[in-house]
Amino acid sequence: MIKAITGTKDILPPEMPKWKILESIVNDVFTGFNYKEIRTPIFEETSLFARGIGEETDIVGKEMYTFIDRSQTSLTLKPEMTASVVRAFNEHSLGKQQPLNKLFYISPMFRQERPQAGRQRQFHQFGGEAIGSASPLLDAELIIIAYDILKLLGLKDLTVKINSLGIPASRENYKKLLKDYLKDSKHLLSEDSRKRFDQNILRVFDSKVESDQEILKNSPLMIDYIDDESKNDFGVVKTILTNSKIPFEVDAKLVRGLDYYTKTTFEIVSGKVGSQSALCGGGRYDLLVEQLGGAPTPGVGFAAGMERILLACENENSLNLPKEEIDLYIIKLDKELSSKVFELSLSFRKNNLIVDFDYLDRSVKAQMREANKLNSRFVLFIGGDEYKSEKLNLKNMSTGEQQLIELNDYHRVIEIIKK
RNA sequence: GUGGGCAUAGCUCAGUUGGUUAGAGUAUCAGGUUGUGGCCCUGAGGGUCGUGGGUUCAAAUCCCACUGCCCACCCCA
C-alpha cells in the first residue's frame with residue numbers, strides 16, 4: 001500500500017475544526033491590525049533561499065527540498081516564507097505603491113529533517129511581515145499579534161523571549177569579544193560547539209550541553225555591546241510590551257538560526273509541546289530586501305508553527321470545539337422515494353440548511369441511527385400513509401416531538417428548523 | 001546524519017515458559033416484529049500477527065536483515 005511520505009501528514013475531517021478555528025483567529029487578528037494576506041508559490045528558484053536565508057544556515061545546508069526540473073533549473077520547496085515575501089515585494093515593487101506594506105500569510109513549508117513531536121517535513125506556518133519601516137513600534141506590534149493569537153486559542157503556558165542582535169557592525173565587534181572569551185576554553189566545548197565556534201560563534205549559545213552552558217555563564221552578553229540605535233529601539237519595544245501587559249523576558253542568549261536578522265529578535269515558547277518548544281520566532285531584517293536586489297528597505301516579521309500550536313492546544317485542552325451537527329436528515333419510509341428525497345434535499349440546501357439523507361437504501365432504523373450519529377437537529381419522514389394523504393412528518397430530535405406538514409409546504413419545514 | 005523504543009482487526013490493545021480454527025473493547029453492518037434515534041441486548045463481516053529469511057515436529061511468540069512509525073540529539077516553527 002502506498003503511504004504518505006515520511007514526515008508528511010494527512011489532515012482528516014475530524015481534525016479539521018481546530019484548523020478552521022486557528023485559521024480564522026489568525027485571519028481576524030491580522031485583519032484587525034490591517035495586515036493584508038499574501039500567497040506565494042510553493043516553490044522558488046533555489047538561489048532565493050540560498051541568498052536570503054544564508055548559505056551557512058542548517059536550513060540551506062542540509063534541510064531544503066531541492067530538485068532539478070525538466071529545464072534544468074534548480075527549484076526548492078519553500079522552507080520558510082520571508083524570503084518569498086521579500087521576493088514578491090521586490091518583484092512587484094510593492095514599496096513604490098506604498099511606503100509600508102503589512103502582510104500576513106498561512107502556508108505549508110518544507111524541510112527535510114528527521115520528524116519528531118512538533119516537527120514534520122511538510123508543516124504549516126502563519127506569519128506576518130511589515131516591510132518599509134524601521135520603527136520599533138512594528139517589532140512590538142508583531143509580538144503582540146503573535147501573543148494575541150496564542151492567547152485567543154486559550155494557551156497559558158507561554159513565555160515571550162526577546163533579544164537584540166544589534167546592527168552588523170556591533171555584532172561583529174561582539175563576536176570578537178566572544179571569541180576572545182571562549183578561545184582558551186575552546187578545547188573544553190562539545191564537538192558541535194567547537195564547530196559553531198568556527199562557523200557561527202553566536203550559535204554556541206544554542207547548545208543544550210550543560211558543560212557548554214557552564215563555560216558560557218560569565219561570557220560577555222551581546223545585549224551589552226549593541227549599538228545605541230539598537231539599544232534605543234530595544235528599549236521602546238520593552239516599554240510597549242510592558243504597557244501592553246505582555247509578560248516577556250530578555251534572553252541575551254537568544255540567537256536565531258537565520259542569517260538575515262538584525263536588531264530585535266523574539267521567540268514565544270510553550271512548555272506543552274515536547275522538546276520542540278518554539279511556537280513562534282521572528283525578528284527584524286533591515287538588510288534583507290536590499291540583499292535580494294531591492295531598494296534598501298527595513299523590515300520585521302515572524303513565523304509560527306501551526307502543528308506545534310495545535311499540539312499545545314491539545315495538551316492544554318484549551319480549545320472548546322463546537323459540536324458538529326446538521327440541520328436535517330431526510331428519511332424515506334419507502335425505497336421508491338429516493339428521487340423525491342433528493343429533490344427535497346436540494347430545496348432545503350438552497351435555503352442554507354445542512355441536509356443529508358440515506359443513499360444506501362437502508363432500513364428506517366438504520367436511517368434513524370445515522371441521523372442520530374450526525375447530530376441532526378430534525379428528521380423529516382417521507383412515505384407511508386402520510387405520503388398518501390400528502391403529508392410529511394417532521395421530528396425534532398432533541399424533544400422527540402413530531403408534526404405533520406403539507407407535502408408541498410416545505411417552506412413551513414424551513415421555518416420551523418430555522419426558528 | 002546519530003541514538004533509543006515500538007510494529008497483532010479501521011482504532012486502542014491482550015496474547016502467559018514457542019503448542020488446536022489468533023482474542024477483547026471500540027468502530028462498521030444487520031437484527032431485537034410490520035414505519036422512528038440515543039441506553040441496552042443478539043449476531044455478522046473484518047487480520048498473509050510490518051516484510052523477507054532462519055531455528056524447530058511446531059513461530060504472533062526465538063534469531064538475523066530490511067522497512068515503517070514514535071521519541072530524542074543536531075537545528076528550527
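All chains are named by letter (A, B, ...) in the order of the sequence lines, taking the proteins before the strands, and each is independently numbered beginning at 1.
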K.L.:
Can you tell whether the side chains of R87(A) and E45(A) come within less than 4.0 Å, N to carboxylate O?
P.N.:
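Looking at R87(A) and E45(A), the cut-off is not met.
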K.L.:
Nearest-Å distance, CD1 (I59(A)) to P (G1(B))?
P.N.:
19 Å
K.L.:
With a 3.5 Å cut-off and heavy atoms only, can you find an N or O donor on one side and an acceptor on the other between the side chain of K365(A) and the base of U36(B)?
P.N.:
no
K.L.:
Between A60(B) and U48(B), how far is it from one P atom to the other, in whole Å?
P.N.:
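The answer is 13 Å between these two P atoms.
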K.L.:
Are K18(A) and E314(A) close enough for a salt bridge, meaning some N to O gap below 4.0 Å?
P.N.:
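Here K18(A) pairs with E314(A) in a salt bridge, since their nearest N and O are under 4.0 Å apart.
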K.L.:
Roughly how many Å apart are A59(B) and C49(B), using the P atom of each and rounding to a whole number?
P.N.:
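The same atom, P, in both gives a distance of 12 Å.
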K.L.:
With the criterion being N/O to N/O and under 3.5 Å, what pairs connect the protein with nucleotides 2-6 of chain B, and how long is each?
P.N.:
{"unit_1": "U2(B)", "atom_1": "O4", "unit_2": "R114(A)", "atom_2": "NH1", "d": "2.9"}

K.L.:
If A7(B) has a Watson-Crick or G-U wobble mate with both distances under 3.5 Å, name it; if not, just say none.
P.N.:
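Checking every strand shown, A7(B) finds its partner in U67(B), with both distances under 3.5 Å.
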K.L.:
Check each residue of residues 324-345 of chain A for a non-hydrogen atom within less than 4.0 Å of any atom in RNA chain B, then write out the ones that pass by number, or none.
P.N.:
L333(A)
K.L.:
Does K391(A) come within less than 4.0 Å of D385(A), counting only side-chain N to carboxylate O?
P.N.:
no
K.L.:
Across all strands shown, which nucleotide pairs with G1(B) by Watson-Crick or G-U wobble geometry, both distances under 3.5 Å?
P.N.:
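When the pairing criteria are applied, C73(B) turns out to be the nucleotide that pairs with G1(B).
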K.L.:
What nucleotide among C73(B), U36(B), A77(B) has an atom nearest to a side-chain atom of F123(A)?
P.N.:
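It is A77(B).
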K.L.:
Quick one: K161(A) NZ to A77(B) P, roughly how many Å, whole number?
P.N.:
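For the pair K161(A) NZ and A77(B) P, the rounded distance is 13 Å.
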K.L.:
Please determine whether a side-chain nitrogen of the Lys or Arg among K183(A) and D180(A) lies less than 4.0 Å from a carboxylate oxygen of the Asp or Glu.
P.N.:
yes
K.L.:
According to the Watson-Crick and G-U wobble definitions, with both distances under 3.5 Å, which nucleotide is paired to C57(B)?
P.N.:
G19(B)
K.L.:
Look at the side chain of Q112(A) and the base of G1(B), then say whether one donor and one acceptor between them are separated by less than 3.5 Å.
P.N.:
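Between G1(B) and Q112(A), which were checked side chain against base, a qualifying N/O pair under 3.5 Å is absent.
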K.L.:
Answer with yes or no whether R369(A) presents, from its side chain, a donor or acceptor under 3.5 Å of a partner atom in the base of G32(B).
P.N.:
yes
K.L.:
Taking for each residue the nucleotide of RNA chain B with the nearest heavy atom, is it Q116(A) or E267(A) whose nucleotide lies nearer the 5' end?
P.N.:
Q116(A)
K.L.:
Please determine, for the side chain of R308(A), which listed nucleotide (A77(B), G68(B), C71(B)) has the closest atom?
P.N.:
A77(B)
K.L.:
Judged by modelled atom types alone, do S275(A) and Q116(A) share a side-chain donor-acceptor pair under 3.5 Å?
P.N.:
yes
K.L.:
For G35(B), is there a stacking contact with F381(A), counting only centres under 5.5 Å and planes under 30°?
P.N.:
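F381(A) vs G35(B): stacking no.
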K.L.:
Could you label the plane-to-plane angle of the F302(A) and F30(A) rings as parallel, tilted or perpendicular, counting under 30° as parallel and over 60° as perpendicular?
P.N.:
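Ring orientation, 0 to 90° scale: parallel.
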